[in-house]
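Structure record follows, encoded as structure tokens.
A, B, ... follow the sequence lines: proteins, then strands. Residue 1 opens every chain.
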Amino acid sequence: MAPKVLMVAEKPSIALSIASALSHGRMSTRRGSTDVHEFDGMFQGFHAHFKVTSVTGHVFSLDFPSKYQNWEATDNLDLFQAPVVKLESNPKGHICRHLSQEARGCSYLVLWLDCDREGENICYEVIECTGFNENEVGRRILRARFSSVTEKDILEALENLVKPNKAEALAVDARQEIDLKVGVAFTRFQTRYFQGKYGNLDSRIISYGPCQTPTLGFCVQRYMQIMTFKPEKFWYFSPYIIKDGYELQLEWDRNRVFDFDVAAMFQKLVLDQNVLEVTGVSKNEENKSRPCGLNTVNLLKVASSALALGPHVAMQLAERLYTQGFISYPRTESTAYPASFDFRNVLGAQQNNPIWGNHIRSLLTDGFHKPRMGSDAGDHPPITPMRAATEEMLGNDAWRLYQYICQHFIGTVSPDCKYTRTKIEFTAGGELFHCVGLHVSTKGFTSIMPWLAVKEKNLPQFTKGEKINILKMDLQEGSTTPPDYLSESELISLMEKHGIGTDASIPVHINNICERNYVQVNSGRRLVPTALGTTLIRGYQSIDADLCLPDIRSFIEHQITMVAKGKADHSHVVQHVLQQFTQKFSYFVKKIENMDALFEAQFSTLAESGRLLSKCGKCTRYMKFISTQPARLYCISCEEVYYLPQNGSIKLYKEFACPLDGFELVLFSMSGSDGKSFPLCPYCYNCPPFEGITTLFGSIKLGNSGKLGKGAGMPCFLCPHPTCRHSMITQGVCACPECSGTLILDPISAPKWRLYCNMCNCMVSLPQGAHRISTTSKRCPDCDSLIIEVDFNKKTTPLSDGATLYSGCILCDELLHSLIEMKHGKSFFRRGRGRGRSRGRGGRGRARGGSKNDDPKMSFRDF
DNA sequence: GCAAGGTC
């Protein structure tokens, strides 16, 4: 039987190009998570059956294990040494399962991922999913190295297959771990520190990142230049003359001087003579070069500065134009076209366009130029129009972007612009003056890109030695002006120059600092830092300026390049870099008061914000309700914060108090027209087991029924109060083997199903991804626990016979355990750990962050 | 809820 070859590309479009080239269009296509193209052909001298499919970027992304997900329970310093796990980036896409299924029975795996570090890293993600092994005999892993997806390059790559480069892949692993740990540790720390202190911070998250923070730094740097700018007066003059009917205002070679007396002296010297002598007449033929191919960064700059489209929107539009086949792949660094590129074909597609059709037809008949040599980053060709379009087909904004891409492309194959530059030089009283004339002989590409045209300026004839009277020459006063706020387009240039982000991520970083409210986009797409943005950067500068400098990114890049080149060991580099950041982090925490002093001057403290709402159970004084996100109550005398459910409204609930702790109850109403309401005790809400189960910052999660848990309204098992939010946890399932408590199904956790013991702190994972989990009236004959019923989705059921319903006892049933242990790509079911819940009124810990007194116990079964 | 990098 012919051996099977599985080929995997980075995105569906590349898989299609490869399959088309190798099969000459004779293939069959199967739909799947990503399409699979099949055909027969020759491979390494044998007849083989090919399957070509793709991933969609990274299959996995890095995160902390669930143990470290709780912001309150985790010491941020521990994050630097914490383990990390790779989880599927898009679990619903089932890419991993898809690859594993397609790899069955294949003897060869050929990796056609993009030829950059990220692509090399994805190679190993694919290898992991397919179950291929580098040392296996009989099944081989091969890497295709290609610089474009032309038939020639693809065939050449297939003839020269190599091994994937582990060192480059490891460099990406290193970058991921460093970015994750540094970003998350700083973000969690400063978010909690400042959100716990100030009421009017208008950002839900106060984030830190080695790309986003230097990006913000650039904006604030310009802001500081403007704020500290001191205008200076200067003086200048320009002789006014008339020659052959031309009125001319000559330019002074000194341009301007900053001393009035000196300026006045020069003016007097010139006026005393009052006659200019022509000292030079020169003519130069000059050339303005046509552009190179268009890459992403240049497209984004033009989109922002000329089309008033932000990078984020521009990329969304470009993405759409690409998927609809109007332009080539929009994420590329290259400005050079491959030697074999078919320009005639691209031009042909545009020759009926009403705006530039004429220009194109003349290029096709008179001959066109090859674009100016740009740089080839080895990724994708420059952004090129592929298919003709009209404004009606695309809509206004997409059309303007498409129009630019077309004009730019046509510009690249048009002639250069040629013009004559005439410079006349004058002298009077020892001072030098000049004027410049421009005459265009060939418009070239500027006729299709008129905004780049050379502006004609005619001059009369002058001859050397000629004398001309000055008709007027006043001394003029001017003043230096500060620069304007940083434009988005300038920011993109700075980011590119300093290696902050990539073509794909630059728009994301800019969008982040806008959405987090660190900068605002003003008219002309100029970025003005907010109070929060400037305070943050000034804060970093007051503690450790490295944190907001672009060098922080270059440092990381430099370190991981050593790994990529095989000059340093992956784990040594990660440890070394993390050690440095740990030190920086500790110092930052120690010196946070420097930054806090700036916040104090800028923002109002919790005590100054909000309005009095409900009584504190500890001191019986009224607490303040702070409505800005995250919504919370603050007790001024106890200095405690009590977080509330988000995305809804809060009011006092009948002045009832919780019988457990004496805190007045509040009524939470979810936003929306049919928003549900429920009363809750602010203290109970912030205590385990709620802490870390429902997110303190997130909204209440609804069960599948759309209700707040099946048994909402049932009496609470913790306290006798009928309206306590504890009542939402219901349904005893079985006895906890650790203590005499009852395991309770937590309905608001769906679909992350789990059980809690109401006595000790056990938390038990249930089959994750189940569509519904419920109790039945049956009991287990062995241990007398309630039998639970697990309802899986048809498509995702892990049951081997495809059944969707399974019932069993959580304590005794073997299959249920194996369901929980079952590997489904990554561990299908995650183990959870409960947090200690100290019991009794006085023994309860602080509302937030204080109660680390109880060691979390393991789940009763070590799943 | 958190980073940055792929891609849709």
All ring pair (Phe, Tyr, Trp, His ring centres under 6.0 Å) counterparts of A/His37, not counting sequence neighbours: none
Below 4.0 Å: OP1/OP2 of B/dG6 and any side-chain N or O of A/Arg331: no
Set of residues satisfying side chain to side chain contact (heavy atoms under 4.5 Å, CB included) with respect to A/His558, sequence neighbours excluded: none
Touch class at under 4.0 angstrom, heavy-atom based, for A/Tyr208 against every strand present: sugar-phosphate
Pairs satisfying salt bridge (Lys or Arg N to Asp or Glu O under 4.0 Å), at least one member in residues 175-185 of chain A, at least two apart: A/Glu118-A/Arg175, A/Arg175-A/Asp179, A/Glu177-A/Lys181, A/Asp179-A/Arg553
Presence of A/Tyr322 side-chain N/O under 4.0 Å of B/dT7 phosphate oxygens OP1/OP2: no
Those residues that, when tested against A/Arg145, pass salt bridge (charged side-chain N to carboxylate O under 4.0 Å, His left out) (two or more places apart): A/Glu120
Contact nearer the 5' end of DNA chain B, comparing A/Val184 with A/Gly57: A/Val184
For A/Tyr208, all residues meeting ring pair (Phe, Tyr, Trp, His ring centres under 6.0 Å), sequence neighbours excluded: A/Phe186, A/Tyr540
Separation of atom CD in A/Gln324 from atom C1' in B/dC8, rounded to whole Å: 13 Å
For A/Asp551, salt bridge (charged side-chain N to carboxylate O under 4.0 Å, His left out) partners two or more places apart: none
Stretch residues 116-125 of chain A: residues that reach within less than 4.0 Å of DNA chain B through a heavy atom: A/Glu118
Sugar-phosphate only, base, or nothing, as touched by A/Gln176 at under 4.0 Å among non-hydrogen atoms: base
Phosphate OP1/OP2 of B/dG1 contacted by A/Gln69 side-chain N/O (<4.0 Å): no
Carboxylate-amine/guanidinium contact A/Arg117 A/Glu168, below 4.0 Å: no
Salt bridge (Lys or Arg N to Asp or Glu O under 4.0 Å) contacts touching residues 492-506 of chain A (sequence neighbours left out): none
Any residue of residues 504-519 of chain A with a heavy atom less than 4.0 Å from an atom of DNA chain B: A/Ala504, A/Ser505, A/His509, A/Arg516
